[in-house]
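Working notes, structure below.
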Amino acid sequence: MPNALVAAATEGLPSINRRQVLHSLAASSAAAAVLVSAIPAAPAAEHPDIDLFWLDQEMAEAETQMKLANKACCRAGKIADKLYPPQPAAWAEPRMPDDVHEMVASMLVRDLAIPEKQPAPLRDFHRARDEQRAAQRALQDAFLDKVDEINREAGVDAAEAAYRARSAEFYKVGDRILAMPANTLEGIIVKLRAADKIDAKSEALISIAADIRRLAGEVA
(Lines give C-alpha, C1' and ligand atoms only; values in the text may rest on other atoms or scores of the structure.)
Protein backbone atom coordinates (compact mmCIF):
# COMPACT_ATOMS: atom_id res chain seq x y z
CA MET A 1 0.00 0.00 0.00
CA PRO A 2 1.50 3.38 -0.94
CA ASN A 3 2.52 5.47 2.07
CA ALA A 4 0.66 8.50 0.75
CA LEU A 5 -2.63 6.54 0.67
CA VAL A 6 -2.09 5.32 4.21
CA ALA A 7 -1.17 8.79 5.36
CA ALA A 8 -4.30 10.24 3.77
CA ALA A 9 -6.42 7.56 5.35
CA THR A 10 -4.93 8.16 8.83
CA GLU A 11 -4.88 11.91 8.71
CA GLY A 12 -7.15 13.40 11.35
CA LEU A 13 -7.63 10.01 13.04
CA PRO A 14 -5.05 9.86 15.83
CA SER A 15 -6.70 6.95 17.59
CA ILE A 16 -6.39 4.64 14.56
CA ASN A 17 -2.94 3.24 13.88
CA ARG A 18 -1.35 2.30 10.59
CA ARG A 19 -2.03 -1.45 10.99
CA GLN A 20 -5.77 -0.85 11.46
CA VAL A 21 -5.97 1.25 8.31
CA LEU A 22 -4.17 -1.39 6.29
CA HIS A 23 -6.63 -4.07 7.48
CA SER A 24 -9.58 -1.83 6.69
CA LEU A 25 -8.40 -1.09 3.16
CA ALA A 26 -7.69 -4.78 2.51
CA ALA A 27 -11.18 -5.74 3.65
CA SER A 28 -12.72 -3.11 1.40
CA SER A 29 -10.78 -4.40 -1.60
CA ALA A 30 -11.92 -7.98 -0.93
CA ALA A 31 -15.56 -6.89 -0.65
CA ALA A 32 -15.29 -5.00 -3.92
CA ALA A 33 -13.86 -8.09 -5.63
CA VAL A 34 -16.75 -10.23 -4.35
CA LEU A 35 -19.27 -7.62 -5.55
CA VAL A 36 -17.74 -7.53 -9.02
CA SER A 37 -17.72 -11.32 -9.27
CA ALA A 38 -21.42 -11.40 -8.33
CA ILE A 39 -22.42 -9.21 -11.28
CA PRO A 40 -23.61 -11.55 -14.07
CA ALA A 41 -21.82 -11.39 -17.37
CA ALA A 42 -23.69 -9.94 -20.29
CA PRO A 43 -25.67 -12.74 -21.99
CA ALA A 44 -24.47 -13.98 -25.35
CA ALA A 45 -26.61 -12.97 -28.28
CA GLU A 46 -29.38 -15.52 -28.89
CA HIS A 47 -29.55 -17.36 -32.18
CA PRO A 48 -32.05 -15.76 -34.60
CA ASP A 49 -33.97 -19.05 -34.75
CA ILE A 50 -33.84 -19.92 -31.06
CA ASP A 51 -37.64 -20.26 -30.93
CA LEU A 52 -37.55 -22.78 -33.77
CA PHE A 53 -34.87 -24.75 -31.94
CA TRP A 54 -37.04 -24.87 -28.81
CA LEU A 55 -39.98 -26.08 -30.88
CA ASP A 56 -37.74 -28.68 -32.48
CA GLN A 57 -36.92 -30.05 -29.03
CA GLU A 58 -40.58 -29.89 -28.05
CA MET A 59 -41.50 -31.88 -31.15
CA ALA A 60 -38.87 -34.50 -30.36
CA GLU A 61 -40.34 -34.92 -26.88
CA ALA A 62 -43.88 -35.08 -28.29
CA GLU A 63 -42.73 -37.77 -30.73
CA THR A 64 -41.23 -39.79 -27.89
CA GLN A 65 -44.47 -39.57 -25.91
CA MET A 66 -46.49 -40.54 -28.98
CA LYS A 67 -44.35 -43.63 -29.53
CA LEU A 68 -44.71 -44.63 -25.89
CA ALA A 69 -48.48 -44.24 -26.16
CA ASN A 70 -48.46 -46.40 -29.28
CA LYS A 71 -46.58 -49.13 -27.43
CA ALA A 72 -49.18 -48.97 -24.66
CA CYS A 73 -51.88 -49.47 -27.30
CA CYS A 74 -50.08 -52.52 -28.64
CA ARG A 75 -49.75 -54.03 -25.18
CA ALA A 76 -53.43 -53.50 -24.39
CA GLY A 77 -54.39 -54.83 -27.83
CA LYS A 78 -52.45 -58.06 -27.30
CA ILE A 79 -54.24 -58.61 -24.00
CA ALA A 80 -57.64 -57.98 -25.58
CA ASP A 81 -56.93 -60.23 -28.59
CA LYS A 82 -56.66 -63.24 -26.28
CA LEU A 83 -60.08 -62.52 -24.78
CA TYR A 84 -62.18 -61.92 -27.91
CA PRO A 85 -64.87 -64.54 -28.63
CA PRO A 86 -65.06 -66.17 -32.08
CA GLN A 87 -66.51 -63.82 -34.65
CA PRO A 88 -69.79 -64.92 -36.23
CA ALA A 89 -69.66 -65.95 -39.87
CA ALA A 90 -70.52 -63.29 -42.40
CA TRP A 91 -74.05 -63.20 -43.73
CA ALA A 92 -74.66 -65.27 -46.85
CA GLU A 93 -77.85 -65.19 -48.89
CA PRO A 94 -79.50 -68.63 -48.79
CA ARG A 95 -79.93 -70.45 -52.07
CA MET A 96 -83.44 -70.28 -53.47
CA PRO A 97 -84.97 -73.72 -54.09
CA ASP A 98 -85.33 -74.67 -57.73
CA ASP A 99 -89.12 -74.86 -57.62
CA VAL A 100 -89.36 -71.40 -56.07
CA HIS A 101 -86.89 -70.08 -58.63
CA GLU A 102 -89.14 -71.39 -61.43
CA MET A 103 -92.09 -69.57 -59.85
CA VAL A 104 -90.14 -66.33 -59.84
CA ALA A 105 -89.13 -66.82 -63.47
CA SER A 106 -92.76 -67.16 -64.47
CA MET A 107 -93.91 -64.00 -62.68
CA LEU A 108 -94.17 -60.50 -64.09
CA VAL A 109 -91.41 -58.21 -62.90
CA ARG A 110 -93.89 -55.67 -61.51
CA ASP A 111 -95.51 -58.37 -59.37
CA LEU A 112 -92.28 -59.43 -57.73
CA ALA A 113 -92.28 -56.31 -55.50
CA ILE A 114 -95.86 -56.92 -54.32
CA PRO A 115 -95.99 -59.56 -51.55
CA GLU A 116 -99.71 -60.14 -52.08
CA LYS A 117 -99.04 -61.27 -55.66
CA GLN A 118 -96.20 -63.61 -54.73
CA PRO A 119 -96.87 -67.33 -54.41
CA ALA A 120 -96.82 -68.73 -50.87
CA PRO A 121 -93.53 -70.66 -51.35
CA LEU A 122 -91.78 -67.45 -52.40
CA ARG A 123 -93.19 -65.57 -49.42
CA ASP A 124 -92.05 -68.38 -47.12
CA PHE A 125 -88.57 -68.25 -48.61
CA HIS A 126 -88.36 -64.48 -48.09
CA ARG A 127 -89.64 -64.82 -44.52
CA ALA A 128 -87.07 -67.50 -43.66
CA ARG A 129 -84.32 -65.47 -45.31
CA ASP A 130 -85.20 -62.34 -43.34
CA GLU A 131 -85.32 -64.31 -40.07
CA GLN A 132 -81.86 -65.78 -40.76
CA ARG A 133 -80.48 -62.36 -41.58
CA ALA A 134 -81.95 -60.89 -38.37
CA ALA A 135 -80.52 -63.77 -36.30
CA GLN A 136 -77.07 -63.30 -37.86
CA ARG A 137 -77.25 -59.54 -37.25
CA ALA A 138 -78.11 -60.18 -33.59
CA LEU A 139 -75.09 -62.47 -33.27
CA GLN A 140 -72.88 -59.83 -34.85
CA ASP A 141 -74.22 -57.11 -32.55
CA ALA A 142 -73.63 -59.32 -29.50
CA PHE A 143 -70.08 -60.00 -30.68
CA LEU A 144 -69.36 -56.29 -31.12
CA ASP A 145 -70.81 -55.51 -27.69
CA LYS A 146 -68.53 -58.12 -26.16
CA VAL A 147 -65.53 -56.71 -28.02
CA ASP A 148 -66.33 -53.24 -26.70
CA GLU A 149 -66.57 -54.59 -23.16
CA ILE A 150 -63.25 -56.40 -23.46
CA ASN A 151 -61.57 -53.32 -24.91
CA ARG A 152 -62.73 -51.22 -21.98
CA GLU A 153 -61.60 -53.76 -19.39
CA ALA A 154 -58.23 -54.40 -21.07
CA GLY A 155 -57.52 -50.67 -21.30
CA VAL A 156 -57.62 -50.52 -25.09
CA ASP A 157 -60.04 -47.59 -25.19
CA ALA A 158 -58.02 -45.56 -22.69
CA ALA A 159 -54.74 -46.37 -24.45
CA GLU A 160 -56.15 -45.36 -27.83
CA ALA A 161 -57.50 -42.10 -26.40
CA ALA A 162 -54.08 -41.32 -24.93
CA TYR A 163 -52.43 -42.11 -28.26
CA ARG A 164 -54.81 -39.82 -30.13
CA ALA A 165 -54.05 -37.01 -27.67
CA ARG A 166 -50.28 -37.50 -28.01
CA SER A 167 -50.55 -37.62 -31.78
CA ALA A 168 -52.53 -34.40 -31.81
CA GLU A 169 -49.86 -32.70 -29.69
CA PHE A 170 -47.12 -33.96 -32.02
CA TYR A 171 -48.81 -32.67 -35.17
CA LYS A 172 -49.72 -29.40 -33.47
CA VAL A 173 -46.06 -28.67 -32.71
CA GLY A 174 -45.20 -29.50 -36.32
CA ASP A 175 -47.78 -27.00 -37.54
CA ARG A 176 -46.34 -24.37 -35.20
CA ILE A 177 -42.87 -24.93 -36.61
CA LEU A 178 -44.06 -24.47 -40.19
CA ALA A 179 -45.97 -21.34 -39.21
CA MET A 180 -42.90 -19.70 -37.63
CA PRO A 181 -40.53 -17.66 -39.84
CA ALA A 182 -37.00 -19.03 -40.22
CA ASN A 183 -34.07 -16.61 -40.30
CA THR A 184 -31.18 -18.98 -40.98
CA LEU A 185 -30.37 -22.19 -42.82
CA GLU A 186 -30.48 -24.02 -39.48
CA GLY A 187 -34.04 -22.83 -38.94
CA ILE A 188 -35.05 -23.95 -42.43
CA ILE A 189 -33.60 -27.41 -41.71
CA VAL A 190 -35.79 -27.59 -38.60
CA LYS A 191 -38.80 -26.91 -40.81
CA LEU A 192 -37.78 -29.58 -43.32
CA ARG A 193 -37.37 -32.15 -40.54
CA ALA A 194 -40.78 -31.30 -39.09
CA ALA A 195 -42.42 -31.48 -42.51
CA ASP A 196 -41.02 -34.98 -43.08
CA LYS A 197 -42.36 -36.18 -39.74
CA ILE A 198 -45.90 -34.88 -40.21
CA ASP A 199 -45.99 -35.42 -43.99
CA ALA A 200 -46.55 -31.75 -44.75
CA LYS A 201 -44.16 -31.19 -47.63
CA SER A 202 -46.49 -28.86 -49.51
CA GLU A 203 -46.99 -26.67 -46.44
CA ALA A 204 -43.23 -26.65 -45.83
CA LEU A 205 -42.54 -25.53 -49.40
CA ILE A 206 -44.88 -22.56 -49.01
CA SER A 207 -43.41 -21.63 -45.62
CA ILE A 208 -39.77 -21.92 -46.67
CA ALA A 209 -40.38 -20.05 -49.92
CA ALA A 210 -41.73 -17.16 -47.85
CA ASP A 211 -38.61 -17.30 -45.66
CA ILE A 212 -36.30 -17.14 -48.65
CA ARG A 213 -38.16 -14.20 -50.14
CA ARG A 214 -38.02 -12.35 -46.82
CA LEU A 215 -34.32 -13.04 -46.30
CA ALA A 216 -33.63 -11.90 -49.84
CA GLY A 217 -35.33 -8.61 -49.07
CA GLU A 218 -38.27 -9.20 -51.34
CA VAL A 219 -41.34 -7.24 -50.29
CA ALA A 220 -44.54 -9.25 -50.24
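One-based numbering along the sequence shown. In this text, all values refer to a predicted model and were calculated from it rather than measured experimentally.
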Item to check | Shortest non-hydrogen contact between Pro121 and Met103, atoms and distance | outcome: CG-CE, 3.5 Å
Checklist entry - What heavy-atom pair brings Pro88 and Leu139 nearest, and what distance separates the two atoms? => result CG-O, 3.7 Å
Checklist entry - Charged N to carboxylate O below 4.0 Å: is that the case for Asp211 and Arg214? => result yes
Checklist entry - With sequence neighbours left out, what residues match Gln65 under side-chain hydrogen bond (donor to acceptor under 3.5 Å, both in side chains)? => result Glu61
Checklist entry - For the residue pair Trp91 and Arg129, what are the closest heavy atoms and their distance? => result CH2-O, 3.5 Å
Next on the checklist: To check you understand the geometry: which heavy-atom pair defines the closest contact between Ile79 and Ala154, and what is its length?
Outcome noted: CG2-CB, 4.1 Å
Item to check | Validation row: Asp199, Lys201 side chains within 4.5 angstrom (heavy atoms) | outcome: yes
Validation: residues 172-179 side-chain donor-acceptor distances under 3.5 Å, sequence neighbours left out:
residue	atom	partner	partner atom	Å
Arg176	NH1	Glu58	OE2	3.2

Checklist entry - Can a salt bridge be assigned to the pair Arg166 and Glu169 using a cut-off of 4.0 Å between side-chain N and carboxylate O? => result yes
Checklist entry - Ile150 and Pro85: which non-hydrogen atoms are nearest, and at how many Å? => result CD1-CD, 3.9 Å
Next on the checklist: Distance check, rounded to the nearest 0.5 Å: Leu122 atom CG versus His101 atom NE2?
Outcome noted: 11.0 Å
Checklist entry - Can Arg127 and Asp124 be counted as an ion pair, charged N to O under 4.0 angstrom? => result yes
Item to check | Test side-chain hydrogen bond (donor to acceptor under 3.5 Å, both in side chains) applied to Asp145 - qualifying residues, sequence neighbours left out | outcome: none
Item to check | From Asp130 atom CG to Arg137 atom CZ, the distance as rounded to the nearest 0.5 Å | outcome: 9.0 Å
Next on the checklist: Working to the nearest 0.5 angstrom, can you tell me the gap between Glu63 CD and Ile198 CD1?
Outcome noted: 11.5 Å
Checklist entry - Taking the side chain from Lys191 and the backbone from Met180, do they hold a donor-acceptor pair closer than 3.5 Å? => result yes
Next on the checklist: Would you say Leu144 ends up clustered with Leu83 if hydrophobic residues are merged whenever their side chains have heavy atoms under 4.5 Å apart, either directly or through other cluster members?
Outcome noted: yes
Next on the checklist: Looking at every heavy atom in both Ala76 and Ala159, which two are closest together, and how far apart are they?
Outcome noted: CB-CB, 4.4 Å
Item to check | Gap between atom CD1 of Ile50 and atom OG1 of Thr184 - 0.5 Å precision | outcome: 10.5 Å
Checklist outcome for this item: Note: with side-chain heavy atoms under 4.5 Å as the link, the other cluster members for Leu192 come out as Ile188, Ile208, Ile212
Item to check | Heavy-atom side-chain proximity of Gln118 to His126 below 4.5 angstrom | outcome: yes
Checklist entry - So, does Asp56 use its side chain to make a donor-acceptor pair with the main chain of Val190 at under 3.5 Å? => result no
Checklist entry - Looking at CZ of Arg75 and NZ of Lys78, how far apart are the two atoms once the value is rounded to the nearest 0.5 Å? => result 9.5 Å
Checklist entry - Which residue pairs pass the ring pair (Phe, Tyr, Trp, His ring centres under 6.0 Å) test with at least one member in residues 49-85, sequence neighbours excluded? => result His47-Phe53
Next on the checklist: If I take atom CG from residue Leu55 and atom CD from residue Gln57, how far apart are they, to the nearest 0.5 angstrom?
Outcome noted: 10.0 Å
Checklist entry - Just checking, any donor-acceptor pair under 3.5 angstrom between side chains of Asp157 and Asn151? => result no
Item to check | Summary of ring pair (Phe, Tyr, Trp, His ring centres under 6.0 Å) pairs that have at least one residue in residues 149-199, sequence neighbours excluded | outcome: none
Next on the checklist: Show, in sequence, the C-alpha distance, side-chain angles and deciding distance for Thr64 and Lys67, and conclude whether the side chain to side chain contact (heavy atoms under 4.5 Å, CB included) test is met.
Outcome noted: CA-CA 5 Å; Thr64 298; Lys67 290 180 178 179; 5.9 Å; no
